[in-house]
Amino acid sequence: MDNEQVGLYTLDEALESLGFGKFQAFVLAYAGLGWFAEAMEIMILSFIGQAVKSEWGLSSSQESLLSTIVFAGMVIGAYGWGTISDTYGRRTGFLTISIVTSGAGFLSTFSPNYLSLVILRGFVGFGLGGTSVFLSWFLEFVPASSRGMWMIVFSTFWTFGSIFEATLVWIVMAKLNWRWVLALSSVPSFVLLFLYGVAPESPRYLCMKGRTGDALRILEKIASVNRTKLPAGVLISSRSTDKAEESTPSEDRIPLLPSLSKSSMQSKLGLSSFFMLFSSKLIKTTALLWVLLFGDSFSYYGIILLTSKLSSGESGCFPTIQSSGYLLGDSLYVNAFITSIAELPGLFLSALLVDRVGRKQTMSIMFGLAFIFLLPLLTRQSAVLTTCLLFGARMNAMATFTVASIYAPELYPTSVRTTGAGVASAVGRIGGMVCPLVSVALVNACHQTEAIAIYLAVIVVSLVCIQLFPYDTKGRELSDTAS
């Protein structure tokens, strides 16, 4: 009320006044395409390994390395791109991400040998590690009151990317070969590059950098496109700010930085943004997020791997889908298609809950349901029941993973948002890398009960972490600094 009386308004108040309109719909489409592209490149790992192994006579370990190198690249890229985005801007982040991902993805098509393919796929993974930048960028355009629901809508681009890739491979692999799959899968990244010129910078990032004039011009454009109006008065960074941000450069808020040249300052800011994650104000959030996203990734990818064994029939310990007569012939592609669609009900349910009961409660509910679906698999079940239980578990694990991915950038201030979310995402990817080494090895050794018990234990630890987070971000304004 005080701000309104003196003619001042914050960025969050401006976004609420502008609402979610055509401008945000474009931002949603552009950022969503980034996640669509990542899903396609990740889903490739389920399909091309066997084809390359047969063509080049690779060993099983060489085949596995094609997947591992991508996840390793993502772990490195998640930190690197987050730091670049927080230091040089969101647009700079996703420009370089698109260049690396599209270039390395397309060049993979022409790999003359195994080593070159591994190196190029590693660069693809490095580029994919930055897709959390797209999420944070979109987040910073959305009004707080509906942020959770729109972030769930954003996450459906991942699921649709998975479905599209499974369909693409199903059609292309039979008529052409794996090189065509790699080439076509790089197209969305090229589209991101092509449309880069019309993608706006985040007004929240600009305010944090003291460029409120530039931020105001973007807000005015949003108002024009959405046919709404900005509040009357002067834009300020927060309710506690008495002056426009032009008089307060954001670099002054980063502690312990001496006077430096611009390039040296940018470098120091990049390092500072990483170390700020372990400051007294953020270390609890950072630690809890790391454990939560590790558990989310471990559970989600582990359930996918277990489900894939049903279609491949690799394990003689599980009753397979083929034995029940459900899938014939192209079982791997069909199963990937069906299980990807199985995620949609979970996303729909989480979209209904996330802005009503909050992030923490939604994650608790969905993770609890995943636990219930997995629990009967401690003992051997029929093929039909096993399939249904794993599909239900994947549906809820995906929903939890999605909400956690939304929650992460909301918890961090603008000054370290993409760095914090990126590093947390990298830790989550480690969960995806460790999962096959731990749980799938047990399944191959016919230790089904032990494998499921590990998943259940990870879910319980994750549920405890969710309860320990200090606050929920439902309807809460995004903060700009750790203070």
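Inter-residue side-chain proximity for Leu289 and Phe469 is flagged as met; some heavy-atom pair is nearer than 4.5 Å. Put simply, the side chain of Val118 reaches to within 4.5 Å of the side chain of Tyr114, judged on heavy atoms. Contact annotation: the side chain of Val100 never approaches that of Ile97 to less than 4.5 Å [non-hydrogen atoms, C-beta and beyond]. Side-chain atoms of Leu282 and Pro413, non-hydrogen and from C-beta on, do get closer than 4.5 Å to each other. The closest side-chain heavy-atom distance from Glu140 to Leu15 is not below 4.5 Å. You'll find the side chain of Val181 stays beyond 4.5 Å of the side chain of Thr109, heavy atoms only. Asp296 is not listed as a side-chain neighbour of Val403, based on a closest heavy-atom distance of 4.5 Å or more. With a 4.5 Å cut-off on side-chain heavy atoms, Leu192 and Ser102 do not count as touching.
Nearest heavy-atom pair across Met363 and Leu292 is SD-CD2, 3.9 Å. Between Phe367 and Ser462, the shortest heavy-atom contact is CE1-CB, 3.4 Å. Contact between Leu390 and Ile303 at its shortest, heavy atoms only, is O-CG2, 3.6 Å. When all heavy atoms of Ala370 and Ala393 are compared, the closest pair comes out as CB-O, 4.1 Å. Here the shortest heavy-atom pairing between Ser108 and Arg179 reads O-NH1, 4.5 Å. Here the shortest heavy-atom pairing between Val458 and Gly295 reads CG1-CA, 3.5 Å.
Residues meeting the side chain to side chain donor-acceptor pair (under 3.5 Å) test with Ser364, sequence neighbours left out: Gln467. For Glu410, the salt bridge (charged side-chain N to carboxylate O under 4.0 Å, His left out) partners at least two apart in sequence or on another chain are Arg147, Arg359. For Arg121, the salt bridge (charged side-chain N to carboxylate O under 4.0 Å, His left out) partners at least two apart in sequence or on another chain are Glu41. Applying the side chain to side chain donor-acceptor pair (under 3.5 Å) criterion to Gln361, with sequence neighbours excluded, gives no partner residue. Scanning for side chain to side chain donor-acceptor pair (under 3.5 Å) contacts around Ser297 gives an empty result, with sequence neighbours left out.
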inquiry  = Walk me through whether Arg394 and Phe373 qualify under side-chain contact (heavy atoms from CB on, under 4.5 Å).
reply    = CA-CA 9 Å; Arg394 175 171 176 173; Phe373 275 111; over 6 Å; no
task = Give the C-alpha distance, both sets of side-chain angles, the deciding distance and a yes or no for side-chain contact (heavy atoms from CB on, under 4.5 Å) between Leu107 and Phe123.
result = CA-CA 10 Å; Leu107 289 175; Phe123 275 107; over 6 Å; no
key: Steps toward side-chain contact (heavy atoms from CB on, under 4.5 Å) verdict (Leu369, Met395)   = CA-CA 9 Å; Leu369 290 172; Met395 177 182 76; over 6 Å; no
request  = Determine, step by step, whether Lys284 and Leu288 satisfy the side-chain contact (heavy atoms from CB on, under 4.5 Å) criterion, reporting the C-alpha distance in whole Å, the side-chain angles of both residues, the deciding distance to 0.1 Å, and the verdict.
outcome  = CA-CA 6 Å; Lys284 180 179 179 180; Leu288 289 172; 3.9 Å; yes
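Rounding to the nearest 0.5 Å places CG of Leu293 at 11.5 Å from CD1 of Ile430. One finds the CH2 atom of Trp150 at 13.0 Å from the CD1 atom of Ile406 (value rounded to the nearest 0.5 Å). To the nearest 0.5 angstrom, Thr362 atom OG1 is 10.0 Å from Ile466 atom CD1. Note that CZ of Arg417 is 8.5 Å distant from CG of Asp86, once rounded to the nearest 0.5 Å. Remark: Ser189 OG to Leu33 CG distance equals 7.5 Å, nearest 0.5 Å. Rounding to the nearest 0.5 angstrom, the gap separating the OG1 atom in Thr402 from the OH atom in Tyr300 is 7.5 Å.
Aromatic ring centroids of Trp35 and Phe134 lie 6.0 Å or more apart. If you look at Phe157 and Phe36, their ring centroids are not closer than 6.0 Å. Two rings, from Phe298 and Tyr455, have their centers less than 6.0 Å apart.
A distance-only check finds a donor-acceptor pair linking the side chain of Ser186 to the backbone of Ala183 [under 3.5 Å]. Checking side-chain atoms of Arg91 against main-chain N and O of Ser85 turns up no donor-acceptor pair under 3.5 Å. One N or O on the side chain of Ser405 and one on the backbone of Phe401 form a donor-acceptor pair closer than 3.5 Å. Remark: side-chain polar atoms of Ser98 are paired, donor with acceptor, to backbone N or O of Phe94 under 3.5 angstrom. Judged by distance alone, the side chain of Lys360 and the main-chain N or O of Tyr471 form no donor-acceptor pair under 3.5 Å. At distances below 3.5 Å, at least one donor-acceptor pair connects side-chain atoms of Thr96 with backbone N or O atoms of Gly93. The closest donor-acceptor contact from the side chain of Ser111 to the backbone of Asn113 lies at 3.5 Å or more, if one exists at all. For the pair Ser185 (side chain) and Met40 (backbone), a donor-acceptor distance under 3.5 Å is absent.
Between the side chains of Trp178 and Glu55, at least one donor-acceptor pair of N or O atoms lies under 3.5 Å. In this structure, a donor-acceptor pair under 3.5 Å is present between the side chains of Tyr412 and Thr286.
Residue pairs that meet the side-chain hydrogen bond (donor to acceptor under 3.5 Å, both in side chains) test with at least one member in residues 122-133, sequence neighbours left out, are Glu38-Thr131.
Under the ring-ring contact (aromatic ring centres under 6.0 Å, His included) test applied with Trp137, the options Phe154, Trp81, Tyr30 reduce to a single match, Tyr30.
More than 12 heavy atoms of other residues, nucleotides or ligands sit less than 6.0 Å from atom CZ of Phe190. Around atom OH of Tyr196, more than 12 heavy atoms belonging to other residues, nucleotides or ligands sit under 6.0 Å away.
Classified by interplanar angle (parallel below 30°, tilted 30° to 60°, perpendicular above 60°), the ring pair Phe106/Phe110 is perpendicular.
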